[in-house]
Amino acid sequence: MSKTTQIYGIRAVIEAVKAGEPVDKVYIQKGLKGALIKELEDLLRKSGIPTSYVPLPKINKLTQNNHQGVVAAISPVAFLTMEELVDTVLSQKKSPLFLLLDGISDVRNFGAIIRTAECTGVDGIIIPKKGSAPITGDTVKTSAGAVFRVSIAKTDHIKDAVFYLKASGVSVVAATEKTNNLLYQVDLKGSAAIIMGAEDSGISPSILKEADFLAKLPMLGEIGSLNVSVACGAFLYEAVRQRTL
């Protein structure tokens, strides 16, 4: 974790959360007790900030400073709410393109996806509050700074975003191998949102059920899948191809 994207100490983290700083995740040493820790835990629950209870060696690996058993990862960018992002984009653009990431946990994959999204004109990225990679120094570097040029929103559950987008007239396309439909058969010219799933398990089954379309890439080799950032690039550039014909 980059020193520029972390704070440490119980009181410092409490004040950061109260001040509305973009806290991505908080690491708390296992077994910590006391009124101040309880205050922090209550605040984190109310704020919906992901929390991880880890052993002391993990905390020490994050920072050698006087951390008091608490370290917080601070995002270098501010996140929008899902509703803010969708409503703003739809008010400004006739046929926007959204990208939904269901559990992308690798910071470098996340950064590469953000970079490709910026290059392909994606109007906004939506990620879940829990289970998503934080924006760290590695994310910023891998994205080549694109994290500062693409609007990113957080939502409690990706399914909430799917429902909201569909109700707003946006077609939702899920990238999955669990279909016979190829990507090239899906119309991406109008308002659309593409969902990419986690590196290991793909898109959650409950979310797949709610998508308007399922689509896959043709796989001609012996290996059955692509890296998620590469697959995402293929999907996004097919949207670009269709929209520029």
Side-chain angles (χ1 to χ4, degrees), residues 1 24-27 48-54 73 75 77 79 82 85 97-118 120 122 124-136 138-143 146-147 150-166 170 172-183 186 192-219 221 223-239:
M1 188 186 300
D24 258 343
K25 188 172 185 177
V26 176
Y27 298 87
I49 296 172
T51 305
S52 219
Y53 291 88
V54 298
S75 172
V77 300
F79 296 100
M82 178 266 294
L85 173 62
L97 180 61
F98 296 95
L99 180 61
L100 280 59
L101 304 180
D102 180 27
I104 303 298
S105 58
D106 184 277
V107 294
R108 291 178 179 82
N109 278 339
F110 189 23
I113 287 171
I114 295 170
R115 181 174 184 172
T116 303
E118 198 280 332
T120 53
V122 167
I125 298 173
I126 302 173
I127 61 175
K129 289 180 180 177
K130 296 183 180 180
S132 183
I135 295 181
T136 66
D138 283 338
T139 314
V140 174
K141 182 177 180 181
T142 308
S143 78
V147 292
V150 180
S151 295
I152 303 175
K154 283 190 174 185
T155 184
D156 289 332
H157 304 285
I158 288 297
K159 190 184 290 187
D160 295 338
V162 172
F163 289 147
Y164 197 83
L165 287 163
K166 290 172 67 174
V170 179
V172 178
V173 180
T176 176
E177 299 169 6
K178 300 174 183 177
T179 181
N180 292 322
N181 302 319
L182 292 179
L183 166 62
V186 178
I194 296 172
I195 312 175
M196 302 302 300
E199 293 91 340
D200 53 352
S201 56
I203 298 171
S204 305
S206 62
I207 295 174
L208 283 178
K209 291 179 183 178
E210 302 301 334
D212 293 306
F213 304 100
L214 306 184
K216 69 177 182 179
L217 292 168
M219 301 299 295
I223 297 175
S225 64
L226 293 169
N227 171 277
V228 64
S229 66
V230 175
C232 185
F235 269 76
L236 291 178
Y237 269 101
E238 172 59 15

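Counting from 1, the numbers follow the sequence of the chain as shown. Worth saying up front: this structure is predicted, and the values here are computed from it rather than measured. Atoms considered below: every heavy atom in the structure, side chains included; atoms not considered: hydrogens, waters and symmetry mates.
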Next item on the list: For Ala174 and Ala211, work out which heavy atoms get closest and say how close.
Entry: CB-CB, 3.8 Å
Check: Who are the salt bridge (charged side-chain N to carboxylate O under 4.0 Å, His left out) partners of Lys154, not counting sequence neighbours?
Finding: Asp24
Note to self: Any non-hydrogen side-chain atom of Ile158 less than 4.5 Å from a side-chain atom of Ser204?
What the structure shows: no
Notebook entry, point to check: What residue among Leu85, Leu100, Val150 forms side-chain contact (heavy atoms from CB on, under 4.5 Å) with Ile125?
Noted result: Val150
Next item on the list: To the nearest 0.5 Å, tell me how far Ile207 CD1 sits from Phe163 CZ.
Entry: 9.5 Å
Check: Between Lys178 (side chain) and Leu208 (backbone), is there a donor-acceptor pair under 3.5 Å?
Finding: no
Item checked: Pairwise distance CG(Leu214) to CG(Leu182) - rounded to 0.5 angstrom -> 12.5 Å
Next item on the list: Would you sort out whether Phe79 and Ile127 count as a side chain to side chain contact (heavy atoms under 4.5 Å, CB included), showing the intermediate values?
Entry: CA-CA 10 Å; Phe79 296 100; Ile127 61 175; 4.2 Å; yes
Note to self: Please report the interatomic distance CD1(Ile114) to OG(Ser229), rounded to the nearest 0.5 Å.
What the structure shows: 11.5 Å
Check: Could you give the distance from NZ (Lys130) to NE2 (His157), rounded to the nearest 0.5 Å?
Finding: 8.0 Å
Check: Does Thr179 have any side chain to side chain donor-acceptor pair (under 3.5 Å) partners at least two apart in sequence or in another chain, and if so, which?
Finding: Asn181
Next item on the list: Kindly indicate whether the side chain of Met196, heavy atoms from C-beta on, has any atom under 4.5 Å from the side chain of Cys232.
Entry: yes
Notebook entry, point to check: Restricting to pairs with a member in residues 100-116, which pass salt bridge (Lys or Arg N to Asp or Glu O under 4.0 Å), not counting sequence neighbours?
Noted result: Arg108-Asp138
Next item on the list: Could you list the residues that satisfy side chain to side chain donor-acceptor pair (under 3.5 Å) with Asp160, not counting sequence neighbours?
Entry: none
Notebook entry, point to check: What heavy-atom pair brings Lys129 and Pro50 nearest, and what distance separates the two atoms?
Noted result: O-CG, 3.0 Å
Next item on the list: Tell me, yes or no, whether the heavy-atom count around Asp200 atom CG, taken from other residues, nucleotides or ligands under 6.0 Å, exceeds 12.
Entry: yes
Notebook entry, point to check: Is there a side chain to side chain contact (heavy atoms under 4.5 Å, CB included) between Asp212 and Val173 once you walk through the steps?
Noted result: CA-CA 6 Å; Asp212 293 306; Val173 180; over 6 Å; no
Next item on the list: Could you tell me whether Tyr164 atom OH has more than 12 heavy atoms of other residues or ligands within 6.0 Å of it?
Entry: yes
Check: Shortest non-hydrogen contact from Leu183 to Ala234?
Finding: CD2-O, 3.8 Å
Check: What residues form a side chain to side chain donor-acceptor pair (under 3.5 Å) with Tyr53, not counting sequence neighbours?
Finding: Glu41
Next item on the list: Indicate the atoms forming the closest heavy-atom contact of Leu97 with Ile194, along with that distance.
Entry: CD1-CD1, 4.3 Å
Item checked: Heavy-atom pair with the smallest gap, counting every atom of Met219 and Ile223 -> CE-O, 3.6 Å
Item checked: Distance-minimising heavy-atom pair for Val228 and Gly197 -> CG2-O, 3.5 Å
Item checked: Between CG on residue Leu217 and CD on residue Glu177, distance to nearest 0.5 Å -> 9.0 Å
Margin query: So, taking the atom named OG1 in Thr176 and the one named CD1 in Ile195, what distance separates them when rounded to the nearest 0.5 Å?
Written below: 10.0 Å
Next item on the list: Can you sort out the partners of Thr155 under side chain to side chain donor-acceptor pair (under 3.5 Å), two or more places apart, ordered by chain and number?
Entry: none
Check: Got a donor-acceptor contact below 3.5 angstrom from the Thr142 side chain to the Thr139 backbone?
Finding: no
